[in-house]
Amino acid sequence: MPDLGLEVLFKGKNMIRLLGGLWAALKISLISVALSIPLGILLGILMVRKEVVIRAVTRIYLEFIRIMPQLVLLFIVFFGSARAFGSDISGELSSVIVFTLWGTAEMGDLVRGAIISIPKHQYESSAALGLKNSQTYFYIIIPQTVRRLIPLSVNLITRMIKTTSLVLMIGVVEVTKVAQQIIEANRMTSPNAAFGVYLTVFLLYFIACWPLSLLARHLERKWG
Amino acid sequence: MKRFRTALISALSVALAVSAAGCGGAADSTDVQNADNQTAEEQTESDSVYRTLDEIVESGSINIGVFSDKNPFGYVDENGEYQGYDVYFAKRIGEDLGVDVNFVSTEAANRIEYLQTGKVDLILANFTVTDERAEEVDFALPYMNVALGVVSPDSNVITTLDDWNPDDQMIVISGTTAETYLIENYPDIPLQKYDSYATAKNALENGNGAAWANDNTEVIAYALQNEGYTVGISTLGSQDTIAPAVAKGNETLLNRINEEIKALGEENFFHADYEATLVDTYGLDYEDSLVVEGGVTE
């Protein structure tokens, strides 16, 4: 067994701190996910509207958010807002804002894709059965859209959880930062700690994301 | 609108400097340099946001930006407490001002931005004084000496930078003095840039670069603690100092910190600080050459 320096995890409150860091990361991503899903559904519905102005605005929003690296968005919100408006937004709030903007854009595009992937004959058949427009959406289109969305949105949620490792650049101490702190504080006594601590961080991310994958697979099988 | 543009451009250039880090290569170094120039230009036209000494004392707490992963200057111990040479000094400042110290974890690449946006009142993050930085922030009196050094594996010790093998890369941390010095004086050396101390250290240990250029204190300590690495170049460039920094124009706080440093010189505070925090890393041999007492350098 090679020396992984795992003993540093059991020094003082290190394990608790690492879990606290994971919670900080999950809190940011879960709040953002909770806000992104309804906003994204709204955006997706807007994106399939026929009005040119709405399409253009939503398209520009989507492309802007997608092209900008998340790190740049974090800097704009955290430092840029302070510089432009003198406002003091905390690192956590900045992260939630950026992740919600990003999640909404991505979710919106997924919803748009799912809606337009419903074949035209579904609408026509339901009209032929005499369903009203609202009934068509409620009984025919939305249930099919949601099923198509599940695996894609779970993928997005896990991406959001993993991308929280960037927020250490705006001073939020999350799991990756705590890991670096632990490694550095022990660099003399446990020079190999980097391996063991990062391995633990990997396991923590895995534990956080795996249940989501399982849930998605379960729902896919149930509804597929 | 202009303010928004200014904000956008400066945020972009900082992010560019930071995100270029992982890639390395000679092309990046010019990008980063441009970005830095741009930041400097933009900042001369925008005012820094800061809290005066009175506002800080009134609020009952001071925000001090320190490193949280740079043992022994600023790090977090196993109980989650900030420790180190910079932190020891920060705690004393808090005591003497009669305020609580709120430590903010900063990275080398975003220290200036933290000050200019008023996110912290004071930076005590092993901040080396340079002319470029002095245009953007105000430095107080120094409390430590530093030069650059280069550490490399024993199997291929680098003792000079003059005949650098162009296939080799030099590891640096973005935003550090070492990066600026190498870009200016050795533009042909391909740099491999990392965001944080921890990642740069991993890179050297994994053999991603031929050598690592950083402050000499860092490389001396690194070589002492890690067998198989040697400091081939122990003083590179000019002797620099490390000093606290405040936002440009924050004179009340600057003057207070300068008075503090002078007063602490009388009780040999920084020697005590060294003996409490640095002696395990550098030994007593380096005490007088590293410590600056009362802000007076030879």
Side-chain angles (χ1 to χ4, degrees), chain A residues 7-18 20-21 68-91 94 165-166 168-174 176-195 197-198, chain B residues 2-16 18-19 42-43 46-49 65 67-72 74-84 104-107 109-110 113-114 116-120 195-199 201-202 205 221-222 224-227 280-281:
Chain A
E7 71 278 0
V8 300
L9 292 171
F10 304 104
K11 274 168 94 176
K13 300 179 189 153
N14 280 353
M15 199 63 211
I16 305 287
R17 287 173 56 213
L18 213 50
M68 282 280 194
Q70 280 83 35
L71 187 61
V72 177
L73 292 172
L74 287 170
F75 276 113
I76 291 176
V77 173
F78 186 66
F79 292 122
S81 69
R83 206 173 269 273
F85 315 112
S87 55
D88 184 22
I89 305 178
S90 75
S94 304
S165 58
L166 289 178
L168 69 89
M169 289 308 300
I170 56 168
V172 180
V173 180
E174 45 66 73
T176 314
K177 188 74 214 175
V178 176
Q180 290 178 354
Q181 290 175 350
I182 294 175
I183 293 165
E184 278 316 302
N186 296 287
R187 66 178 185 174
M188 291 165 235
T189 46
S190 311
N192 288 330
F195 200 73
V197 173
Y198 281 136
Chain B
K2 182 144 172 273
R3 297 196 80 183
F4 178 72
R5 196 188 59 108
T6 308
L8 187 71
I9 291 175
S10 51
L12 275 174
S13 41
V14 174
L16 181 66
V18 174
S19 57
E42 291 297 326
Q43 270 139 14
S46 71
D47 299 326
S48 295
V49 196
F67 283 129
S68 68
D69 61 356
K70 202 172 185 198
N71 188 356
Y75 65 99
V76 180
D77 71 7
E78 66 267 23
N79 295 315
E81 302 288 331
Y82 279 89
Q83 301 292 351
V104 179
S105 161
T106 57
E107 306 294 325
N110 63 19
E113 203 72 11
Y114 262 98
Q116 288 178 332
T117 53
K119 300 274 182 190
V120 299
D195 289 339
S196 66
Y197 184 87
T199 48
K201 178 171 167 262
N202 287 349
E205 284 165 10
Y222 180 84
L224 279 176
Q225 288 144 21
N226 295 274
E227 221 169 294
D280 291 343
T281 315

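Residue numbering restarts at 1 for every chain, and letters A, B, ... go by the order of the sequence lines. The structure displayed is predicted, hence computed values, not measured ones.
- Residues B:Val76 and A:Ala185 share a closest heavy-atom pair of O-CB, 3.2 Å.
- Taking the side-chain contact (heavy atoms from CB on, under 4.5 Å) definition, one finds that A:Ile183 meets it with A:Ala194, A:Val197, A:Tyr198, sequence neighbours left out.
- In terms of heavy atoms, A:Lys177 sits closest to B:Ser105 at CE-OG, 3.8 Å.
- Between the side chain of B:Tyr114 and the backbone N or O of A:Gly171, at least one donor-acceptor pair lies under 3.5 Å.
- Taking a 6.0 Å sphere around CG of B:Leu224, one finds it holds more than 12 heavy atoms contributed by other residues, nucleotides or ligands.
- B:Lys119 contributes a side-chain N or O that, together with a main-chain N or O of A:Ile89, makes up a donor-acceptor pair within less than 3.5 Å.
- The contact between A:Phe78 and chain B is made by backbone and side chain atoms together, counting heavy-atom distances below 4.5 Å.
- B:Asn110 contributes a side-chain N or O that, together with a main-chain N or O of A:Met169, makes up a donor-acceptor pair within less than 3.5 Å.
- Residue B:Val49 comes nearest to A:Ala82 through the heavy atom pair CG2-O, 4.1 Å, listed as atom of the first residue, atom of the second, then distance.
- At a 4.5 Å heavy-atom cutoff, B:Tyr222 makes no contact with chain A through either its backbone or its side chain.
- Using a 4.5 Å cut-off between heavy atoms, A:Leu74 does not touch chain B at all.
- Put simply, CG on B:Asp69 and CG on A:Leu168 are 8.5 Å apart, with the number rounded to the nearest 0.5 Å.
- Of the listed residues (A:Gln180, A:Lys11, A:Glu184), the greatest number of heavy-atom pairs within a distance under 4.5 Å of chain B belongs to A:Glu184.
- Residues satisfying the side-chain contact (heavy atoms from CB on, under 4.5 Å) criterion with B:Asn79, sequence neighbours excluded, are A:Lys13, B:Asp77, B:Glu81.
- Neither the backbone nor the side chain of B:Val104 comes within contact range of chain A; no heavy atoms are under 4.5 Å apart.
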